[in-house]
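Below is one structure; the comments refer to it alone.
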Amino acid sequence: MSITSPHLGSPSVWTDARLLYALEEVVETELNRHLQVAKDWMPHEYVPFSDARNFPGFFEDGEAWDKEQSKVTEVGRIALVVNLLTEDNLPSYHHEIATLFGRDGAWGTWVHRWTAEEGRHGIVMRDYLLASRAVDPDKLEQFRMAHMSEGFESDNRHSMLHSVAYVAFQELATRISHRNTGHQSGDPVCDRMLSRIATDENLHMVFYRNLLKAAFEIAPDLTMQAVRDVVVDFRMPGHGIPGFERAAAQMAIGEVYNLRIHHDDVLQPVLRFLKIMEIDGLGPEGLKAQEELGLFMGGLDAEAAKFDEKLAARKARMAARAGH
């Protein structure tokens with residue numbers, strides 16, 4: 001892929017390889033910062049193993065799963081399954097970013113470190129779900145097999161800048177989804193575990209967000225176009241999970257993740273940090289992308305307002321019903 005920017009010579013042709021090289025120093029700086037602030041933690045310390053008991057199968061004392069055994073709320077169960085299945089696809093994510101960013105130098109060191117940290121999330125979540133009997137273990141495994149057998153192909157694999165822009169938003173979206181799942185779970189143990197995971201996801205977001213800011217400094221037009229494309233077409237990496245649309249609708253009503261949260265807590269914080277609407281010196285394509293991004297965000301805010309009204313009306317109906 002070759003892309004042209006008027007900002008580094010005339011004409012200067014950017015390729016993914018040149019962009020990776022140009023940003024290598026920033027990656028090294030951000031990697032060192034990350035390693036200084038990231039804290040190692042032990043997944044097993046967050047799991048209530050004393051609650052665990054055998055499931056049927058090879059154990060004579062095995063006890064079948066029943067919904068009544070779960071301490072978490074209905075929306076908590078739904079969100080936990082979606083969040084874990086998303087984390088489960090880590091091998092595919094690693095393949096995608098290692099192929100795009102490479103396995104050498106600071107880029108490669110980051111890719112492997114990120115993968116190792118993300119691996120903890122799947123470990124602790126599965127151990128928690130099984131030990132606490134929060135969800136049906138048979139369905140969980142069936143979903144995992146179906147989801148991973150489909151594989152994962154990033155919407156942004158065609159472009160390094162699109163990929164950096166996507167993960168800047170996606171890591172924050174994952175953090176928010178985990179954090180809100182914990183709040184809505186009804187189980188303090190679950191809330192504590194997901195809060196720990198959310199802390200990691202926030203650090204990952206900061207890494208990519210800062211990298212995106214540096215990209216604006218060297219290739220502003222191309223980066224603006226990448227951000228516009230990613231924001232307009234954004235979808236979560238777990239969209240291929242069996243029954244994802246229904247689960248997403250239930251998570252929206254349960255205030256784990258919905259349009260208002262997506263606009264206010266995911267897109268806006270990153271765009272604000274980048275001062276996206278204040279970036280000047282753009283060429284025609286960059287200016288067009290900036291304008292389209294502004295229009296899209298205005299439209300999304302209006303859509304979120306409609307969703308807010310529907311959610312408030314639903315809550316009022318449920319409250320009225322409960323009062324009778």
Side-chain angles (χ1 to χ4, degrees), residues 35 37-94 112-149 171 174-204 237-238 241-243 247 250-251 254 256-257:
L35 294 174
V37 297
K39 290 185 173 65
D40 273 341
W41 54 279
M42 302 298 143
H44 51 267
E45 293 178 357
Y46 288 80
V47 178
F49 286 109
S50 60
D51 290 350
R53 49 203 187 277
N54 292 334
F55 288 102
F58 294 104
F59 297 102
E60 290 181 8
D61 63 343
E63 184 183 345
W65 183 81
D66 187 275
K67 192 155 69 169
E68 296 303 312
Q69 297 164 355
S70 177
K71 294 178 181 177
V72 300
T73 59
E74 180 69 20
V75 71
R77 276 196 300 278
I78 292 163
L80 281 162
V81 170
V82 169
N83 291 358
L84 175 55
L85 292 177
T86 301
E87 299 285 358
D88 271 335
N89 235 358
L90 183 60
S92 288
Y93 307 149
H94 174 84
H112 296 312
R113 173 72 190 200
W114 174 86
T115 303
E117 290 185 7
E118 290 287 349
R120 281 192 185 126
H121 303 167
I123 290 168
V124 72
M125 287 181 71
R126 173 163 282 99
D127 286 352
Y128 165 80
L129 293 183
L130 295 179
S132 68
R133 293 190 167 231
V135 302
D136 184 335
D138 292 351
K139 281 190 179 173
L140 184 66
E141 180 59 12
Q142 288 157 8
F143 283 158
R144 187 189 71 83
M145 285 297 294
H147 183 44
M148 291 191 70
S149 296
E171 291 284 0
T174 306
R175 173 207 161 196
I176 296 296
S177 182
H178 283 313
R179 190 195 67 187
N180 288 345
T181 298
H183 292 345
Q184 302 290 348
S185 70
D187 181 11
V189 175
C190 180
D191 193 19
R192 184 166 60 240
M193 171 195 66
L194 291 176
S195 175
R196 176 58 261 189
I197 292 174
T199 299
D200 280 1
E201 302 289 14
N202 197 60
L203 290 178
H204 298 163
I241 291 168
Q250 290 168 302
M251 288 166 68
V256 170
Y257 202 96

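Because the structure is predicted, anything quoted here is derived from the model rather than measured. We count residues from 1, following the sequence as given.
- Considering CZ of Arg144 and CD of Glu87, their distance stands at 14.0 Å, rounded to 0.5 Å.
- Counting heavy atoms from C-beta on, the side chains of Arg196 and Glu45 never come closer than 4.5 Å.
- With values rounded to the nearest 0.5 angstrom, Thr174 atom OG1 is found 11.0 Å from Ile197 atom CD1.
- With values rounded to the nearest 0.5 angstrom, Cys190 atom SG is found 11.0 Å from His183 atom NE2.
- Looking only at side-chain heavy atoms (C-beta outward), Leu80 and Leu194 come within less than 4.5 Å of each other.
- Taking the side chain as every heavy atom from C-beta outward, Ser177 and Val256 approach each other to under 4.5 Å.
- The structure places CG of Leu84 at 4.5 Å from CZ of Arg126, a figure rounded to the nearest 0.5 Å.
- Heavy-atom minimum distance, Pro188 versus Gly186: CD-O, 3.9 Å.
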- Step-by-step side chain to side chain contact (heavy atoms under 4.5 Å, CB included) determination, Glu63 to Trp65: CA-CA 7 Å; Glu63 184 183 345; Trp65 183 81; over 6 Å; no
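- Taking the six-membered ring where the residue is Trp, Trp41 and Tyr46 present perpendicular rings, their angle passing 60° and hence far from 30°.
- The minimum heavy-atom distance linking Gln69 with Ala64 is given by the pair NE2-O, 3.1 Å.
- Using a cut-off of 4.0 Å between Lys/Arg side-chain N and Asp/Glu carboxylate O, Glu117 and Arg113 are scored as salt-bridged.
- Shortest non-hydrogen contact noted between Asp191 and Gly182 is OD1-C, 3.2 Å.
- No hydrogens or angles considered: nothing links the side chains of Asp88 and His147 as a donor-acceptor pair under 3.5 Å.
- In this structure, CD in Glu201 is found 4.5 Å from CD in Glu118, a value given to the nearest 0.5 Å.
- Here the closest heavy-atom approach between residue Thr181 and residue Gly76 is recorded as CG2-O, 4.2 Å.
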- May I have the step-by-step check of side chain to side chain contact (heavy atoms under 4.5 Å, CB included) for Val189 and Tyr128, ending in yes or no? CA-CA 9 Å; Val189 175; Tyr128 165 80; 4.0 Å; yes
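- Gln142 places none of its side-chain heavy atoms less than 4.5 Å from the side chain of Met145.
- Note on Arg77 versus Asp187: no salt bridge recorded, every NZ/NE/NH1/NH2 to OD/OE distance being 4.0 Å or above.
- Taken from CD1 in Ile78 to CG in Asn83, the straight-line distance is 11.5 Å, to the nearest 0.5 Å.
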